[in-house]
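Heavy atoms only: backbone and side chains are in, while hydrogens, waters and symmetry mates are out. Each chain gets a letter, A, B and so on, in the order the sequences are listed, and its residues count up from 1.
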Amino acid sequence: MNAQQKTIALFAGVAFVLALASLVGRALARRVTSESGRATVDNLNERIRAWWIMVAIFVAGYLLGPVATLILFALTSFWTLREFVSLTPTRPADVWPIAAAFYVFLPLQYWLIGIEWYALFAILIPVYAFLILPPLAALAGDVGDYLLRVARLQWGLMLTVYCISHAPALLTLDIPFYLDQRFLLLFFLIAVVQMSDVLQYVFGKLFGGRKIAPTVSPSKTWEGLIGGGLSATALGAGLWWLTPFTPLQAAAMAFVIVAMGFLGGLALSAVKRSMGAKDWGTMVKGHGGMLDRMDSLAFSAPIFFHLTRYFFTP
Amino acid sequence: MIDLLLIGATRFLVGGGAQWVGCEPAPRQRIYFANHGSHLDTLLIWAALPRPLRGRTHPVAAADYWGGEGALGRIARHTLKAVLVRRNGGAHADPLEPLRATLAQGESLIIFPEGTRGTERLPGPFKSGLWRLAREFPAVELVPVYLENPGRAFPKGAVIPVPIACATRFGAPMRLGPEEPKEVFLARARAAVSELAG
């Protein structure tokens with residue numbers, strides 16, 4: 001199969017799985033009568049509907065080309081950073097550093113990926129933003145909670161812009177004999193991350209009992225993690241034909257993606273709880289905020305990017 | 001066209017979707033009164049109203065800021081259809097006069113009874129204009145509105161707004177009680193806005 005045939009097969013496969021999920025959701029909605037069951041099924045159906053929309057956006061990005069994909073991810077960074085900054089306390093003195101983060105560093109980061117300037121893209125936020133934002137905050141003269149404020153903004157920028165931007169950066173990797181198929185690598189990453197989230201949720205709901213960190217995230221259980229994580233790893237191995245990897249390498253990569261994604265969900269749950277919130281926002285119906293869907297991707301994308309870059313590019 | 005661009009830009013930058021907590025959007029004559037912390041406030045309430053109500057609801061804006069000949073002034077006059085008031089105008093002129101004229105035509109108003117932009121999450125003391133209008137136009141519904149976050153997204157003194165998600169919460173309509181003293185009514189109105197802050 002060439003890249004185009006693979007992509008069509010994939011999207012057809014995704015549409016099939018989602019259609020199946022929609023049918024199951026509809027059947028469940030008719031059968032479940034208990035109040036708590038209803039809430040779960042309604043939430044499930046909202047999630048499935050949101051999935052359709054997300055997949056449609058992703059397909060549109062593919063059809064319109066790499067620049068559109070880059071813009072889609074830039075918008076994702078924009079909205080997740082907005083959720084992050086909105087939920088964390090700010091002061092009027094923070095307007096300049098926040099403006100610089102949104103209006104300078106975010107577009108610059110994605111522009112650097114667009115022109116494939118790897119050396120600067122990899123250090124723009126960890127070095128330049130890190131050094132420029134704090135003095136901008138200091139200029140306004142407000143020292144109350146200063147270190148907390150600058151640290152929060154830098155953390156949010158790293159997570160929502162720097163980390164998430166590593167997903168579309170996969171499209172810049174010069175993997176021999178794979179240049180026309182790089183979009184599939186992005187698909188592989190997102191498929192494994194999202195399937196891992198879904199399967200952990202399903203395994204947790206079906207068999208869950210032992211909570212991993214009840215104070216941080218009551219929905220994360222050992223049964224969910226092991227059952228969902230292993231099946232997502234197996235699924236990733238089964239998608240090896242999309243990637244430049246052998247089946248075993250694909251399994252290892254999927255395992256790393258699953259592990260990092262889990263840790264990301266855990267860390268961001270802790271951030272949310274520390275702010276006294278359950279969700280990052282209300283943008284995606286049934287899922288909470290956009291960052292609730294992107295937390296795993298933010299943690300797995302940079303690691304997947306660097307492993308692939310280190311081992312599979314000359 | 002400009003109104004759609006303005007609303008689109010507002011939604012993109014700060015969201016600010018309407019939450020109708022205490023009433024529904026209805027084509028009744030109303031005075032919407034809200035906490036004031038940002039130049040975004042006017043835009044947010046105006047953009048939160050459904051289109052048919054938007055044309056008949058006029059934000060009250062300070063002439064010294066929104067009354068100029070530049071783009072801001074033109075947007076205020078033609079798009080927002082603002083009623084301009086002079087905060088420190090002539091000693092004899094009653095600043096409420098243009099508001100009365102608008103209400104007399106059956107139109108609705110958006111006002112910020114604090115008179116100026118504050119820096120706190122909850123509104124400061126209200127000026128008496130709201131009470132005077134309520135007394136003169138007893139049939140008009142008074143709707144408290146709480147604006148969440150515009151003071152963070154575009155605080156006093158900032159040059160450009162930043163993307164921080166805002167919300168516009170509409171509370172239950174209230175009326176001036178018979179013989180209700182000015183101070184009691186204004187405190188009640190202020191509390192109605194604060195309660196919406198949650």
### Query
Counting only heavy atoms not in A/Phe58, do more than 12 sit closer than 6.0 Å to its CZ atom?
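Enclosed: over 12 neighbouring heavy atoms sit under 6.0 Å from CZ of A/Phe58.
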#### Entry: CD1/B/Ile2: more than 12 non-hydrogen atoms of other groups inside 6.0 Å
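Open: at most 12 neighbouring heavy atoms sit under 6.0 Å from CD1 of B/Ile2.
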### Message
Measuring only between side-chain heavy atoms, which start at C-beta, is A/Phe102 closer than 4.5 Å to B/Ile164?
### Response
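Result no, sub-4.5 Å side-chain heavy-atom pair not found.
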### pair B/Pro155-A/Val95: side-chain heavy atoms closer than 4.5 Å
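Side-chain contact under 4.5 Å: yes.
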### Query
If you tally heavy-atom pairs under 4.5 Å against chain A, which of B/Ala153, B/Gly15, B/Gly157 wins?
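If we count pairs closer than 4.5 Å to chain A, B/Gly15 comes out on top.
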### Query
Which residues satisfy the side chain to side chain contact (heavy atoms under 4.5 Å, CB included) test with B/Ala76, sequence neighbours excluded?
B/Trp66, B/Ala82
### Heavy-atom contact with chain A under 4.5 Å, split by part of B/Val159
side chain
### B/Phe154, part contacting chain A, at a heavy-atom distance under 4.5 Å
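Answer is neither: B/Phe154 stays 4.5 Å or more from chain A.
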### Query
Does B/Glu183 have any salt bridge (charged side-chain N to carboxylate O under 4.0 Å, His left out) partners at least two apart in sequence or in another chain, and if so, which?
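For B/Glu183, no residue satisfies salt bridge (charged side-chain N to carboxylate O under 4.0 Å, His left out) once neighbours in sequence are set aside.
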### Query
Of all residues at least two apart in sequence or in a different chain, which pass the side-chain hydrogen bond (donor to acceptor under 3.5 Å, both in side chains) check with B/Glu195?
none
### Query
Heavy-atom distance under 4.5 Å to chain B: side chain of A/Leu81, backbone, both or neither?
neither
Determine which donor-acceptor pairs between chain B and chain A fall under 3.5 Å and list them with their distances.
unit_1, atom_1, unit_2, atom_2, d
B/Arg11, O, A/Arg82, NH1, 3.4
B/Phe12, O, A/Arg82, NH1, 2.8
B/Leu13, O, A/Arg82, NH1, 3.2
B/Arg152, NE, A/Thr90, OG1, 2.9
B/Arg152, NH1, A/Ser86, O, 2.9
B/Arg152, NH2, A/Val85, O, 2.9
B/Arg152, NH2, A/Thr88, O, 2.7
B/Arg152, NH2, A/Thr90, OG1, 3.2
B/Pro161, O, A/Tyr103, OH, 2.7
B/Ala165, N, A/Ser86, OG, 2.7

